[in-house]
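Structure first, then comments.
Letters go in sequence order (proteins before strands), and every chain restarts at 1.
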Number of protein chains: 2
Amino acid sequence: MKMEPSSSSSRADSTSEKLRREILDGLAAPGDLLAESAVARRLGVSRVPVREALFTLERDGLVEFSGTGRAYVKELSPRDFEELYVLRLTLEPVAGGLAAPTIRSDASALLKNIAATRKARTLGEVTRLDLEFHELILEMSGHARLLKLWRSIRSELEMWLGRLQRQHRGQKLDTREQTASSHEKLIQAFRSQPPSACERLSRDHIINWREWLPMQQGQK
Amino acid sequence: MKMEPSSSSSRADSTSEKLRREILDGLAAPGDLLAESAVARRLGVSRVPVREALFTLERDGLVEFSGTGRAYVKELSPRDFEELYVLRLTLEPVAGGLAAPTIRSDASALLKNIAATRKARTLGEVTRLDLEFHELILEMSGHARLLKLWRSIRSELEMWLGRLQRQHRGQKLDTREQTASSHEKLIQAFRSQPPSACERLSRDHIINWREWLPMQQGQK
DNA sequence: AATCCGAAAACGGTATACCATTCATGACTC
DNA sequence: GAGTCATGAATGGTATACCGTTTTCGGATT
């Protein structure tokens, strides 16, 4: 028998997860100092696991170190988001092409995700399931490093999307159905098209996603 | 006045560099255990910087951790190299397209690299300068994350190429002139072609590079 | 009021120590 | 001889302590 994988046994992991959540939820504002001792005291662990957690978060792009080794919550500019967008546009079509055969043989995980999306109760949940859908395709590509690279930008994407949501509370776009049906169409196409077309479809899907996003006015 | 950047002030950095070199030079064989205490004793530092160095090397793909936290020198299979090749094919054309305007305005760094390549005295030096040439393009793309992703696979590439070299000592291909002139042509083309063509040219350059490589017979 | 400066507090880098777990070795059993 | 189990060494995770550097802040100076 095993423990559920969510509750990590090591304090370094649970510390990085707690900090990640605080950053993604906006509790820790961009630019905030994450001092090792302070975090350690606050979370009731020693500095060692905190230190390790900060390195992890740096790898995930949520934290950056100053020249003197201090860790700060990273600031994300619209220009940063553009970079992330270009990377999705670069990585995901390749994954789509590679994953096409796998998806044709078994798309159950993707379909399950779509069903869950239709039952989502909050906008945040839709966003999470959306990213999970795309990560599933990366996994099905069978390209371990491609998946690793994609994961290395996932947290930054989540941070940006979370901020967007908090800024546009009022809007009641039906993102849920939009996302679900868009993903559904993508799978249908994947099942009937050759890999090269799957690349193009993946690309178009990202472009569409980008256009739906409510963007801020400030360019830079 | 500053210290030369090569000698890093922190022991964690110098430790990771020493280990990186040992792995790339084949002193540490794939599969070898890198026990924290043993490395610490051998290098005359405590376990703390060693631990940090091992995390760094894991990020760079030279080391992998077992489920119980032990660090081993990563095994690289031909299939792993295929993944790396696909990633170059994915990332570098995008960088080429983005870097085109910058290169047109100032290609001096690239030209300098080519000149150095022509003066290289060992095959290993040619390889290093080759990778540096491509990294320069990534830098000139102005896309910080694209560069970061490329760097995250650079060490693995170096490891593979180093192993190839050691396996094919006898061959006396004139890689030096081949590399230099190929890079020269690429720059010339970059200067006269639109960004979309630069993407294609970058892609072709990588494909050519791949075909020149002496590959092993074993597929898996 | 603005600037400079020095002392104290905060902070990061590293070493050492402790403990639970894992791993390797050899004896023992069948 | 193959498999099993116990024991001790090796190993990683974490806490704590020390030290040099950086940062902060209040007071002196202009």
In whole angstrom, give the distance that lies between atom [atom1] of [X] and atom [atom2] of [N].
{"X": "B:F55", "N": "D:dT14", "atom1": "CZ", "atom2": "C1'", "answer": "12 Å"}
{"X": "A:R70", "N": "C:dA9", "atom1": "CZ", "atom2": "P", "answer": "16 Å"}
{"X": "B:E36", "N": "D:dG13", "atom1": "CD", "atom2": "P", "answer": "6 Å"}
{"X": "A:D32", "N": "C:dC11", "atom1": "CG", "atom2": "P", "answer": "13 Å"}
{"X": "A:R51", "N": "D:dG12", "atom1": "CZ", "atom2": "C1'", "answer": "17 Å"}
{"X": "B:L43", "N": "C:dT14", "atom1": "CG", "atom2": "P", "answer": "13 Å"}

Q. Cationic tip of B:R145 within the cone over B:W150's six-membered ring, i.e. under 6.0 Å and within 45° of the normal?
A.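 Relative to the ring axis of B:W150, which defines the angle, B:R145 lies outside at least one limit.
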Q.
With a 4.0 Å cutoff (strictly under), does any side-chain N or O of B:T68 reach OP1 or OP2 of C:dT21?
A.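 B:T68 to C:dT21 OP1/OP2: no side-chain N or O under 4.0 Å.
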**Q.** Of B:G69 and A:S46, the one whose closest DNA chain D nucleotide lies more 5'
**A.**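 Between the two, 5'-proximity favours B:G69.
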(Q) For B:F65 and A:S66, find the nucleotide of DNA chain D closest to each by heavy atoms; which residue's nucleotide sits nearer the 5' end? (A)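 Checking each residue's closest nucleotide, the 5'-ward one belongs to B:F65.
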Q | First of B:R47 and B:E52 reached from the 5' end of DNA chain C, by closest nucleotide | A |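 Result: B:E52.
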Q. Would you call the rings of A:H205 and A:H183 parallel, tilted or perpendicular, where under 30° means parallel and over 60° means perpendicular?
A.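 Plane angle between 30° and 60°, so tilted.
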Q | Distance flag, aromatic centroids of B:Y72 and B:F65, threshold under 6.0 Å | A |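 Centroid separation for B:F65 and B:Y72: 6.0 Å or greater.
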Q: Would you classify A:A12 as touching base, sugar-phosphate or nothing, given that sugar-phosphate means primed atoms plus P, OP1 and OP2, and contacts are heavy atoms under 4.0 Å?
A: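 Sugar-phosphate: the residue A:A12, judged by heavy atoms under 4.0 Å, touches backbone atoms but no base.
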Q) salt bridge (charged side-chain N to carboxylate O under 4.0 Å, His left out) with A:E156: which of A:R59, A:K74, A:R163? A)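 So, applying the salt bridge (charged side-chain N to carboxylate O under 4.0 Å, His left out) to A:E156 and each of A:R59, A:K74, A:R163, only A:K74 qualifies.
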